[in-house]
Amino acid sequence: MTELHHHTLAELAAGLRARRFSSVELVTHFLARIERSNPELNAFITVTAEEALRAAEAADKRLAAGEGGPLVGVPIAHKDIFCTDGVLTTCGSRMLSNFVSPYDATVVERLARAGVVTLGKANMDEFAMGSSNETSWYGPVKNPWDPKKVPGGSSGGSAAAVAARLAPAATGTDTGGSILQPAALTGLTGLKPTYGRVSRYGMIAFASSLDQAGTLTYTAEDAALLLGAMAGFDERDSTSVDTPVPDYAAALDQPLAGLKIGVLKEFFDKGLEESSATLVREALAQYERLGATLIEVSLPSLPLSVPTYYVVAPAECSSNLSRFDGVRFGYRCENPADLLDMYTRSRGEGFGAEVKRRIMTGTYVLSAGYYDAYYLKAQKVRRLIADDFVRAFARVDVLMGPTSPTPAFDIGAKVDDPITMYLNDIYTIGANLAGLPAVSIPCGFVGQLPVGLQIIGPHFAEAKLLNVAHGYQRETDWHKRIPRGYE
Ligand code: GLN
């Protein structure tokens, strides 16, 4: 008999509706797996066992009464960047290590209303700044495929929890690759929707013009289910877009014959490891067998995306993080001598090194003497990058390339070298700068480590992206592999 954690979210949802098992049984099963494996993986900062069981009981009542939509009773984990009413919400930082949120983020609220049960809050890079989950105040997360390796970041806890089958799905957020890159490094399907598709209300802000909430799941079908419940206009977030939410699940099975795929020339550069490149090319060949046409596409401004991002994102973060001052909420230093001492020590002790580096860079590029040279210039280049994508989507339906230049790297290998760490996101940042939706799906292994294929679409083309991802997943089984020790 297969075990409960061998199923996709869609299969679990169907099993609940058919009353093959209850939500309480399901939640109990995953809580036991978390209890056993979390001390090793460090994927969760907080486990909300009691609340989860209570929510599962309520879900079972709804199921018995035949009420609710397709997600009633399925458990997931939330990245600890989403505010959860009455529950510790740390954003991976000492600064918020005592912060119990007084309200739910819209994503949390919508999923709870759909009957989804929260198992706990997943570990993450501090304030979502990082690509390896090593900047977390709560310590690094291990990659279930190899405990010496990072799971990627910043949604590393979400990715490790789902890959190790401690939760059948998780939320994440993506500012410069923080859903796609960890999905690639842990063998999952990661979806970053169009900027504005999902409300950012209650999602602790890093870089507001880039941040977007999404999902880490086994399949595109699971992502479709969750996105349907998360997406949509929210009057509390003025950047959420008021456009109808399509039925993502209904579009999954459309045939791929005639699909025009743009193969991103700039992504197959010398930074891409050859073994990963081979797997991505094999995935492209699979799409050709499904009837798609490959067309080489060049985005000439794309190589500027990393420097552009590392001006824009720190600028926005330096402003967003000014609210953490030791006064209103969050960490405050012990025995401050005076007001200035309280501000400086609270921020000095509350933030880690990477966050401080970003705040200092951001403050610098926004300062009167340097604004034009850096911030304004970066905004202009951002527009050039976005225009490159617009031109490309006039010729092709989707763009494809690798998600990450290498598979998971060793814990500790890049912590002392920020530039090398930043270059990890070289293939993902473009979609964020242009506000485009993207997915990463597993397309093979180098040794025991998974590799991701990235698919980028035009604005609001999530249904198309999930359809394209699902078409591949019907023909392959990379997304079904389970790391050794977590079967
Ligand atoms: N790794 C990138 C950074 O450190 C992206 C992070 C993210 O998407 N939240 O900023």
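All of these numbers come straight from a predicted model, not from anything done at the bench.
For the pair Ser132/Phe409, a side-chain contact is recorded, criterion being any heavy-atom separation below 4.5 Å from C-beta on. Counting only heavy atoms from C-beta outward, the side chains of Leu12 and Phe30 approach each other to under 4.5 Å. Taking the side chain as every heavy atom from C-beta outward, Val468 and Tyr472 never approach each other to under 4.5 Å. The shortest side-chain heavy-atom distance between Val355 and Thr135 does not fall under the 4.5 Å cut-off. You'll find the side chain of Val72 stays beyond 4.5 Å of the side chain of Leu16, heavy atoms only. Using a 4.5 Å cut-off on side-chain heavy atoms (C-beta onward), Thr118 and Glu51 make no contact. You'll find the side chain of Asp125 stays beyond 4.5 Å of the side chain of Ser136, heavy atoms only. The shortest side-chain heavy-atom distance between Leu399 and Phe393 falls under the 4.5 Å cut-off.
Nearest heavy-atom pair across Ala167 and Leu119 is CB-CD1, 3.8 Å. Across all their heavy atoms, Phe127 and Ile204 have their closest contact at CE2-CG2, 3.9 Å. Closest non-hydrogen pair, Leu41 versus Ala164, comes out as CD1-CB, 3.5 Å. Looking at every heavy atom in both residues, Pro147 comes nearest to Ile411 through O-CD1, 3.7 Å. For the pair Pro151 and Ala160, the tightest heavy-atom approach, listed with the atom from each and the gap, is CB-CB, 4.4 Å. Between Pro144 and Ala163, the closest heavy-atom pair is CG-CB, 3.9 Å.
There is a side-chain donor-acceptor pair under 3.5 Å between Thr420 and Asp417. A donor atom on one side chain and an acceptor atom on the other are not found under 3.5 Å apart for Thr243 and Arg197. Using modelled atom types and a 3.5 Å distance limit, the side chains of Lys121 and Thr48 yield no donor-acceptor pair. Counted by atom type alone, Lys79 and Ser155 present one or more donor-acceptor pairs between their side chains at under 3.5 Å. With 3.5 Å as the limit, one finds no donor-acceptor pair spanning the side chains of Thr428 and Gln454. Between the side chains of Thr171 and His78, a donor-acceptor pair is found at a separation under 3.5 Å.
Between the side chain of Glu11 and the backbone N or O of Thr8, at least one donor-acceptor pair lies under 3.5 Å. Using a distance-only test at 3.5 Å, with no hydrogens or angles considered, a donor-acceptor pair links the side chain of Arg110 to the main chain of Ala231. Side-chain atoms of Asp222 come within 3.5 Å of backbone atoms of Leu9 as a donor-acceptor pair (strictly under, hydrogens ignored). At distances below 3.5 Å, not a single donor-acceptor pair connects side-chain atoms of Asn42 with backbone N or O atoms of Val141. In terms of modelled atom types and a separation under 3.5 Å, the side chain of Ser240 and the main chain of Asp237 share a donor-acceptor contact. Although no hydrogens or angles enter the test, the distance criterion places a donor-acceptor pair under 3.5 Å between the side chain of Ser404 and the main chain of Thr406. A donor-acceptor distance shorter than 3.5 angstrom exists from the side chain of Ser101 to the backbone of Tyr103, with no hydrogens or angles considered. Counting only distance, with no hydrogens or angles, the side chain of Ser37 and the backbone of Ile34 share no donor-acceptor pair below 3.5 Å. Ser199 places a side-chain N or O within 3.5 Å of a backbone atom of Tyr201 that can act as its donor or acceptor partner. Without hydrogens or angle criteria, Asn133 side chain to Gly156 main chain gives a donor-acceptor distance under 3.5 Å.
Gln379 CD: more than 12 foreign heavy atoms inside a 6.0 Å radius. When the shell of 6.0 Å around CD of Glu487 is examined, it contains more than 12 heavy atoms from other residues, nucleotides or ligands. Heavy-atom neighbours of Lys480 NZ from other residues, nucleotides or ligands within 6.0 Å: at or below the threshold of 12.
To the nearest 0.5 angstrom, Tyr248 atom OH is 4.5 Å from Leu227 atom CG. If you take OH on Tyr331 and CG on Asn98, they are separated by 9.5 Å, rounding to the nearest 0.5 Å. Considering CG of Leu466 and CD of Glu221, their distance stands at 10.5 Å, rounded to 0.5 Å. Considering OG1 of Thr106 and CZ of Arg113, their distance stands at 9.0 Å, rounded to 0.5 Å. For the atom pair CG of Asp416 and CE of Met421, the computed distance is 9.0 Å after rounding to the nearest 0.5 Å. Atoms NE2 and CZ, from His7 and Arg165 in turn, are 11.5 Å apart once rounded to the nearest 0.5 Å.
Ring-plane geometry between Phe206 and Tyr309 is classed as perpendicular, the angle between the planes exceeding 60 degrees on a 0 to 90 degree scale with a lower cut at 30. Note: Phe351 and Phe324 have perpendicular aromatic rings, judged against thresholds of 30 and 60 degrees for the angle between ring planes. Taking the six-membered ring for Trp and thresholds of 30 and 60 degrees, His5 and His29 have nearly parallel ring planes, at less than 30 degrees apart.
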Open item on the list: Test side chain to side chain contact (heavy atoms under 4.5 Å, CB included) on Tyr427 and Asp269; report intermediate values, then the result.
Closed with: CA-CA 10 Å; Tyr427 306 139; Asp269 58 2; 2.6 Å; yes
- [ ] Under the side-chain hydrogen bond (donor to acceptor under 3.5 Å, both in side chains) rule, what do Gln212 and Thr194 come out as? Steps first, then yes or no, please.
- [x] CA-CA 8 Å; Gln212 181 60 196; Thr194 308; over 6 Å; no
Task: CA sep, side-chain torsions, deciding dist, call: Tyr195, Arg200, side chain to side chain contact (heavy atoms under 4.5 Å, CB included) - done: CA-CA 10 Å; Tyr195 181 78; Arg200 292 184 296 109; 3.4 Å; yes
- [ ] Give the C-alpha distance, both sets of side-chain angles, the deciding distance and a yes or no for side chain to side chain contact (heavy atoms under 4.5 Å, CB included) between Glu349 and Met95.
- [x] CA-CA 8 Å; Glu349 293 165 16; Met95 186 55 93; over 6 Å; no
- [ ] Under the side-chain hydrogen bond (donor to acceptor under 3.5 Å, both in side chains) rule, what do Asn320 and Ser208 come out as? Steps first, then yes or no, please.
- [x] CA-CA 8 Å; Asn320 274 326; Ser208 308; 3.0 Å; yes
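Ion pair Arg358/Glu126 not flagged as a salt bridge, since none of the NZ, NE, NH1 or NH2 atoms sits closer than 4.0 Å to an Asp/Glu carboxylate oxygen. Remark: Asp410 engages Lys149 in a salt bridge, criterion side-chain N to carboxylate O under 4.0 Å. A salt bridge links Glu354 with Arg357: the distance from a Lys NZ or Arg NE/NH1/NH2 to an Asp or Glu carboxylate oxygen falls below 4.0 Å.
Ring pair Trp145/Phe445: centre-to-centre distance below 6.0 Å.
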Using residues 178-191 as the side-chain source, report each donor-acceptor pair under 3.5 Å to any protein atom, sequence neighbours left out, with the distance given to one decimal.
residue, atom, partner, partner atom, Å
Ser178, OG, Ser154, N, 2.7
Ser178, OG, Ser154, OG, 2.8
Gln181, OE1, Gly153, N, 2.9
Gln181, NE2, Ser131, O, 2.9
Gln181, NE2, Asn424, OD1, 3.4
Thr186, OG1, Pro182, O, 2.8
Thr189, OG1, Tyr218, O, 2.9
Thr189, OG1, Gln473, NE2, 2.9

Which atom pairs, donor and acceptor, lie under 3.5 Å between side-chain atoms of residues 429-443 and protein residues at least two apart or in another chain?
residue, atom, partner, partner atom, Å
Asn432, ND2, Asp174, O, 3.4
Asn432, ND2, Asp174, OD1, 2.9
Asn432, ND2, Thr175, O, 2.9
Ser440, OG, Thr403, OG1, 2.8

